[in-house]
Every structure is written in C-alpha cells, then in structure tokens.
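Input: a single structure, listed below in structure tokens.
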Amino acid sequence: MLDLDTVRNTPRRVKEAIRAKGTGSPVLVDTLLEVDEKRRAAITELQETQSRQNDLSQQIGALKREGKDAEAEAMIEKTSQLKEEIKRLKEEVWEAEAEQEELVLKLPNIPHPSVPVGEDEDDNDVAETFGERPSFDFDPAPHWELADRHGLVDLERGAKVTGSGFPFYLGKGARLQRALLNFFLDRARERGYTEMQAPLFVNPESAEGTGQLPDKEGLMYKIKEPNLKNVEDWVTNRLMHRGEIPDDEDEVRRDIRPMINDLMEGDFYPIPTAEVPVTNFHRDEILSADDLPLQYCTYSPCWRREAGSYGADVRGLNRVHQFDKVELVRIVHPDESYRALDELLADAESALDALELPYRRLLMCTGDMGFTQAKVYDLEVWSAAQERWLEVSSVSNFEAFQARRMQIRYRPEPEAKPELVHTLNGSGLAFPRIVAALLENNQQPDGSIELPEALHPYTGFARIE
RNA sequence: GGAGAGGUGGCCGAGCGGUCGAAGGCGCUCCCCUGCUAAGGGAGUAAACGGUGAUGAGCCGUUUCGGGGGUUCGAAUCCCCCCCUCUCCGCCA
C-alpha cells in the first residue's frame with residue numbers, strides 16, 4: 001500500500017508507476033484524490049459536530065450536578081438534532097473511507113529508479129550468469145524421465161490421491177527433499193537468520209498484509225469455514241437501523257444469508273509462500289530500533305493454484321501445486337533496505353554456488369515485476385535437458401509497501417514517533433526446480449546421477465543409480 | 001466439545017454512567033543531589049486521524065480501555081454478538 005501523502009504530493013509518479021507496471025488505470029489516482037477530498041471534508045464536519053455535542057454534554061453534566069434539572073432537560077432537547085447529524089456524517093465518512101481504502105489497495109508499489117522500464121519478461125535485464133553449463137556426449141534425459149527411472153517422484157499417484165501437481169517423493173527422492181531442507185536451513189542459520197516454523201494457514205488479514213489480497217487472490221487456495229453469525233448480526237443491525245428492511249429478524253436472516261455467503265472471504269488460506277506468516281509475525285507492532293534488523297528463515301510447504309498454466313511449462317516438477325521451499329525474510333531500517341537486498345541476494349546465490357548449479361541473475365523490469373515490489377531479482381537455474389532457465393528464487397525489496405499494510409513500525413529514538421520498517425524476502429530456495437536441475441545437469445552416461453559434494457553429508461549418499 | 005474466570009497505556013494494576021486518555025506502581029527520557037557505586041528528589045513519558053502552520057515545531061479538535069453493534073444528552077463503566085487468553089472436565093497426535 002502506498003502512502004496517501006505520496007499520492008497527494010506526487011500523483012504523477014504514481015501514475016507513471018501504474019503505467020510502467022502495466023497494472024490498472026492511471027485514472028485511479030484522480031478518483032482517489034477526489035474521494036480523499038470528500039472524505040476529509042466529511043471528517044472535518046463530523047468532528048466539529050462532535051465537538052459541539054461534547055460541549056453540550058459537559059454542560060448538561062454540570063447542570064445536573066448542581067441540581068438544575070429543568071435547565072438540563074432543555075439542553076438535552078437541543079442535542080437530538082446533533083445526534084441525527086452525527087449519525088448521518090458518520091455514515092458519510094465510513095463510505096468515503098471504504099471507497100478510499102479500496103482504491104488505495106489497487107495502487108502498485110513504485111519501482112526503484114534502478115529498475116529498467118519494460119513490458120514483459122523479454123525486457124528483464126540479465127545481470128549476470130554464473131557457473132558452467134554442462135555438455136553431454138549423449139542425449140540428456142529430462143528430469144521427469146530420470147525421476148521415473150529411479151523411482152524418485154510419482155506424479156500419477158499424486159494425481160490419483162489429490163490432483164495433478166501434487167507429487168509423491170519416494171526413496172532417494174524423498175531423502176533428497178529432506179536433505180535440501182536441512183542444507184538450506186543450516187546455511188541460512190549460519191548466515192544470521194533465526195529459524196522459525198510458521199503456521200501453514202493464514203487468515204485474510206495476513207494475506208492482505210503481504211499483498212496476496214486483494215490483487216492476487218487467484219494464486220491461493222481457500223478454506224471456507226462459514227461462521228456467519230457475526231456478519232449476519234452486523235448486516236441485520238445495519239439494515240434495520242436504516243429502516244431498509246422490516247423488523248422481522250428471521251425473514252431478514254433468510255434473505256441476507258445468500259448475500260453474505262457471496263461477500264465472505266475464506267477464513268483461511270493455505271500459504272502460497274512462508275513470506276506471508278513470517279512477515280505478518282510482527283504485524284501491528286512497534287519495534288525498538290535495537291530490534292532491527294530482524295532476519296528469519298523458515299521451511300514450509302507452499303500451495304499455489306497456478307491456474308491457466310499448461311504445456312511444457314508444467315511437465316514434471318516444473319510447476320506443481322504443492323512444493324517445498326526455504327524462505328528468507330528480513331525486516332530492516334529503511335536506510336538499510338538496499339544493502340539488505342544485496343545481502344539477501346548473496347545468501348540465495350551462495351546456496352546455488354554450493355550446489356554447483358549454473359544459474360543467472362535477472363533484474364526484473366517494471367512490466368514483469370510484482371504489484372508489491374520496488375525491486376526484484378530472479379534467480380534461474382539452467383535445466384540441461386530442457387535447455388531452459390527455471391526460476392528458483394525471487395529476491396525482493398518491498399520498501400514500506402507491506403509494512404504500511406501491516407503497520408510494522410520501529411521507534412528511531414526512545415521518544416520519537418514510530419516509522420515504518422522496510423521488508424524484504426527471497427526464496428532460499430524452492431525445491432522442485434532445484435531437484436530438476438540437479439537431476440538433469442548431473443546425469444551420467446550410465447543413467448546415474450552424481451550429487452554435489454555439499455549435499456553428501458545431508459543425503460547420506462553421493463549418487464542415485 | 002462442556003463449565004468457569006478474565007482481556008484497561010511499553011509492562012503490572014485501580015477505576016462510582018459525567019470533572020477519565022484514564023489513579024498507583026514498574027520501566028524509559030531529561031534534570032537535580034550525592035566524591036565513586038547504590039539510594040534519593042523533580043519533570044516528562046500512547047497512537048491514529050482531521051484542522052491550522054512551511055507536508056517542521058507548536059496549537060486546536062476528533063477517535064481509541066480486545067473487536068463490532070446497541071441504550072443514553074453523555075459509556076472503560078449498562079445491554080447484545082463475536083474474538084482471544086487462562087483454569088477445570090471431555091476428546092485427541
């Protein structure tokens with residue numbers, strides 16, 4: 001979420017960001033500013049009325065204490081008009097606030113000046129390529145064939161048991177997963193991250209905090225746990241209060257139930273990334289300056305709907321609905337966030353180095369980066385048989401965009417006003433494509449697979465044959 | 001799942017329908033005192049929003065005592081709904 005001041009003071013910049021990211025219409029900004037005017041006018045009027053009301057109430061109190069009941073009664077009558085007025089103005093303010101909230105959530109984060117302007121993935125900047133791509137004097141097999149041959153992954157049975165994109169890992173395949181988990185977490189811990197285990201479902205507030213809601217709802221699975229009672233009461237009260245519905249409560253409940261059902265958010269979302277619970281860990285907190293920087297690492301499964309993808313894209317482990325990942329999260333002082341971004345990038349890259357995988361670093365262009373990010377690097381490993389790059393990490397600085405939604409602040413000095421922190425995260429790393437690359441890049445003429453040395457202590461075996 | 005108790009400022013903890021943003025304590029900041037340390041004395045210590053200033057300082061106002069509704073001229077205090085925490089019972093990996 002952007003700061004309203006930013007929108008008010010530099011509407012052009014915001015419009016430019018919308019255009020550069022290709023998300024939504026710049027007209028949003030003008031609409032928002034109009035609503036803002038309307039909202040503030042209503043607030044001012046409301047507050048003035050409330051102030052008058054408070055004065056009168058105090059006077060009434062004073063009169064009553066002095067036993068001048070008649071005078072008090074006369075004054076009470078005067079307040080009834082104010083009461084009506086306040087009720088009306090409150091609704092006006094609520095409506096403007098709701099409208100404004102909705103609009104401001106649709107504004108994307110402003111890209112950092114160093115981000116290249118571009119439309120899509122073709123405009124990303126290939127910043128650097130690392131490691132040697134392997135060459136073979138035989139036809140390298142794609143990872144799904146290798147996995148099949150060695151009995152490492154079973155997608156068919158996963159599809160039977162759950163659905164497509166929910167793999168079983170077996171034998172050395174399963175052990176490799178467990179090895180990667182420990183390998184990545186150990187490295188992260190050594191690099192100064194505190195290990196964390198997080199809940200795997202989050203509520204809508206958390207999903208909104210990190211920016212999965214409202215803009216990327218299609219990304220997540222949703223668990224609906226209807227608990228209509230409170231919503232129902234609220235709507236019923238509100239409608240009856242407005243006199244829009246006769247006061248037969250049973251009838252009201254029956255009529256509005258379907259409406260409410262439609263309006264309701266799911267109660268829980270299985271996490272699409274551990275970024276969500278980990279970053280929200282500090283939601284609505286004011287940290288002290290000494291607490292910063294905070295660095296967390298966590299392992300979790302991730303669930304993604306990945307609607308609309310098909311073809312070679314989704315063969316084997318290229319894109320699945322459930323996968324494992326170690327995530328790195330940093331919460332830092334605003335002045336430190338770009339230094340932290342470089343470090344975070346180095347953390348992720350060092351794991352790829354240790355795994356001896358060839359990879360490249362992309363600086364994402366404005367059109368291909370996410371809604372919430374100010375600057376993003378993607379890391380992609382080389383998949384030797386498919387002859388394509390596979391994304392295994394996305395390392396992002398959100399600046400204050402998430403922090404503002406989550407209200408994560410810190411106090412620069414003991415007495416000073418709280419300020420927003422900056423948040424960052426990066427995969428370190430996502431398992432399935434790492435497995436794909438490990439299998440494809442390290443296959444031998446005899447069909448066996450040699451694992452990089454760094455993994456041996458974790459797997460307990462050096463090759464798969 | 002059943003029964004009970006409770007949620008007040010950074011923390012602990014008072015609070016009668018009006019003078020309560022809230023006593024008292026702890027912590028923190030600044031000052032004084034003490035030759036050092038410890039102790040002592042004084043002052044100050046919430047956030048959000050709106051208005052006015054220079055989008056600074058300050059000033060004025062509004063809101064906030066778990067959340068949402070309601071009653072009332074006026075609610076931390078009364079009523080309703082929800083959430084959370086704790087204790088006991090049940091169930092369970």
Side-chain angles (χ1 to χ4, degrees), chain A residues 1-11 13 33 35-87 89-94 96-98 100-101 104 199 203-206 225-243 247 249 252-253 256 260 264-265 267-268 282-291 403-420:
Chain A
M1 185 166 74
L2 286 180
D3 188 6
L4 263 182
D5 278 339
T6 308
V7 187
R8 286 199 277 250
N9 298 331
T10 56
R13 252 181 98 211
L33 290 176
V35 174
D36 185 44
E37 289 286 317
K38 207 169 74 185
R39 186 191 116 251
R40 285 195 288 175
I43 285 178
T44 304
E45 205 183 336
L46 169 66
Q47 292 186 348
E48 275 166 9
T49 315
Q50 280 173 327
S51 180
R52 253 182 290 153
Q53 156 93 307
N54 288 344
D55 280 351
L56 284 178
S57 287
Q58 288 215 344
Q59 289 175 38
I60 291 167
L63 288 173
K64 288 226 163 163
R65 243 173 291 123
E66 291 165 26
K68 298 175 179 167
D69 281 7
E71 283 178 52
E73 283 306 317
M75 213 167 240
I76 286 173
E77 276 182 36
K78 275 205 278 181
T79 60
S80 67
Q81 200 187 333
L82 289 180
K83 237 184 133 180
E84 289 293 308
E85 183 99 354
I86 286 172
K87 202 171 272 184
L89 286 166
K90 264 189 186 166
E91 293 205 356
E92 209 175 298
V93 170
W94 282 342
E97 273 174 355
Q100 180 163 27
E101 173 81 353
V104 81
N203 57 31
E205 289 78 18
S206 295
E225 192 181 304
N227 178 6
L228 294 177
K229 195 80 182 67
N230 51 342
V231 190
E232 222 170 74
D233 282 349
W234 184 83
V235 175
T236 307
N237 271 331
R238 187 99 198 256
L239 291 181
M240 284 172 59
H241 161 80
R242 285 191 183 172
D247 43 60
E249 281 203 38
V252 169
R253 282 176 204 283
I256 64 176
I260 295 169
M264 265 205 358
E265 298 283 356
D267 278 351
F268 293 127
H282 290 290
R283 173 146 55 91
D284 294 321
E285 288 182 17
I286 299 177
L287 307 161
S288 92
D290 317 331
D291 294 335
R404 189 169 296 109
R405 287 187 176 196
M406 283 182 283
Q407 285 299 302
I408 305 180
R409 293 171 290 174
Y410 75 102
R411 216 179 278 281
E413 306 281 332
E415 303 285 314
K417 262 175 78 87
E419 286 178 28
L420 294 166

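All of these numbers come straight from a predicted model, not from anything done at the bench.
The distance between atom CG of A/Asn9 and atom C1' of B/U55, rounded to the nearest whole Å, is 6 Å. Atom C1' of nucleotide B/G50 and atom CD of A/Glu37 are separated by 13 Å, given to the nearest angstrom. Nucleotide B/G67 holds its P atom 15 Å from the CZ atom of A/Arg283, rounded to whole Å. Put simply, CD on A/Glu97 is 11 Å from C1' on B/G50, counting in whole angstrom units. The distance between atom CG of A/Leu56 and atom P of B/U72, rounded to the nearest whole Å, is 17 Å. Computed from coordinates, the A/Glu45 CD to B/C49 C1' distance equals 17 Å when rounded to whole Å. As a whole-Å value, the separation of A/Asn203 CG from B/C82 P is 19 Å. Rounded to an integer number of Å, the gap from A/Glu419 CD to B/G56 P is 13 Å.
Atoms CE and OG, on A/Met75 and A/Ser57 in that order, are 10.0 Å from each other to the nearest 0.5 Å. With values rounded to the nearest 0.5 angstrom, A/Glu97 atom CD is found 6.0 Å from A/Arg39 atom CZ. Rounded to the nearest 0.5 Å, atoms CD (A/Gln50) and CD1 (A/Ile43) are 10.0 Å apart. Once rounded to the nearest 0.5 Å, the distance linking CG of A/Leu46 with NZ of A/Lys90 reads 7.0 Å. Annotation: the span from A/Gln53 atom CD to A/Gln81 atom CD amounts to 11.5 Å, rounded to 0.5 Å. A distance of 13.0 Å separates CD1 of A/Ile86 from CD of A/Glu91, quoted to the nearest 0.5 Å.
If you take atom P in B/U62 and the same atom in B/G9, they sit 22 Å apart, rounded to whole Å. Taking atom C1' on both nucleotides, B/C84 is separated from B/C31 by 43 Å, rounded to a whole Å. Straight-line distance between the C1' atoms of B/G21 and B/A46: roughly 9 Å, to the nearest whole Å. When the P atom is compared between B/C79 and B/G6, the two are found 13 Å apart, to the nearest whole Å. Nucleotides B/G13 and B/C20 are separated by 16 Å at their C1' atoms, to the nearest Å. Here, B/G61 and B/G53 have their C1' atoms 15 Å apart, quoted to the whole Å. Here the separation of B/A22 from B/U64, taken at their P atoms, is 14 Å to the nearest Å. Atom name P, nucleotides B/G69 and B/G74: the rounded distance is 16 Å, in whole Å.
Of the candidate nucleotides B/U62, B/G50, B/G18, B/G18 has the atom lying nearest to any side-chain atom of A/Lys64. Picking from B/C73, B/U62, B/G50 the nucleotide with the shortest atom distance to the side chain of A/Lys83 gives B/C73. Residue A/Gln50 places its side chain closer to B/U62 than to any other of B/C73, B/G51, B/U62. For A/Ile43, whose side chain is taken as the heavy atoms from C-beta onward, the closest listed nucleotide among B/U63, B/C73, B/G50 is B/G50. Of the candidate nucleotides B/C49, B/G69, B/A47, B/C49 has the atom nearest to the side chain of A/Arg39.
Contact annotation: A/Arg52 side-chain N/O to B/G61 OP1/OP2 distance is not under 4.0 Å. Residue A/Lys90 places no side-chain N or O under 4.0 Å from the OP1 or OP2 atom of B/U63. Distances shown here put a side-chain N or O of A/Arg40 below 4.0 Å from the OP1 or OP2 atom of B/G51. Side-chain N/O atoms of A/Lys417 include one lying less than 4.0 angstrom from OP1 or OP2 on B/A48.
Counted by atom type alone, A/Arg283 and A/Ser206 present one or more donor-acceptor pairs between their side chains at under 3.5 Å.
Base orientation of B/G61: anti (glycosidic angle beyond 90° from 0).
Minimum heavy-atom separation, A/Pro412 to A/Ala289: O-CB, 3.7 Å. In plain terms, the two heavy atoms of A/Arg411 and A/Pro418 that are nearest each other are NH1-CD, 3.9 Å. Minimum interatomic distance between A/Asp3 and A/Arg404 (heavy atoms only, all atoms of both residues): N-NH1, 3.1 Å.
Contacts of A/Asn54 with the nucleic acid, taken as non-hydrogen atoms under 4.0 Å apart, involve only primed sugar atoms and P, OP1 or OP2. Nucleic acid contact class of A/Ser57 (heavy atoms, under 4.0 Å, all strands): base. Residue A/Gln59 is classed as having no contact, given no heavy-atom separation below 4.0 Å to the nucleic acid. When heavy atoms are screened at a 4.0 angstrom cut-off, A/Arg409 is found touching the sugar-phosphate backbone but no base atom.
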task = Let me see the working for A/Gln100 and A/Leu4 under side chain to side chain contact (heavy atoms under 4.5 Å, CB included), right down to the final yes or no.
result = CA-CA 10 Å; A/Gln100 180 163 27; A/Leu4 263 182; 3.3 Å; yes
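Heavy-atom distances to RNA chain B give each of A/Leu4 and A/Ser80 a nearest nucleotide, and the one nearer the 5′ end belongs to A/Leu4. Along RNA chain B, the nucleotide nearest A/Leu46 and the nucleotide nearest A/Ile76 are compared for position; the residue whose nucleotide lies closer to the 5' end is A/Leu46.
Side-chain atoms of A/Asp5 stay outside donor-acceptor range of the base of B/U55, with no qualifying N/O pair under 3.5 Å. Counting atom types as modelled, A/Gln58 pairs no side-chain N or O with a base atom of B/G18 as donor and acceptor under 3.5 Å.
Stem regions annotated for RNA chain B: B:1-7 with B:83-89, B:10-12 with B:24-26, B:27-32 with B:40-45, B:46-52 with B:58-64, B:66-70 with B:78-82, counting only runs of 3 or more consecutive pairs of Watson-Crick or G-U type with both contacts under 3.5 Å.
Salt bridge absent: A/Asp55 and A/Arg52 never bring a charged side-chain N and a carboxylate O closer than 4.0 Å.
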Please tabulate, one pair per line, each protein N/O and nucleotide N/O from nucleotides 7-11 of chain B that are separated by under 3.5 Å, including the distance.
none

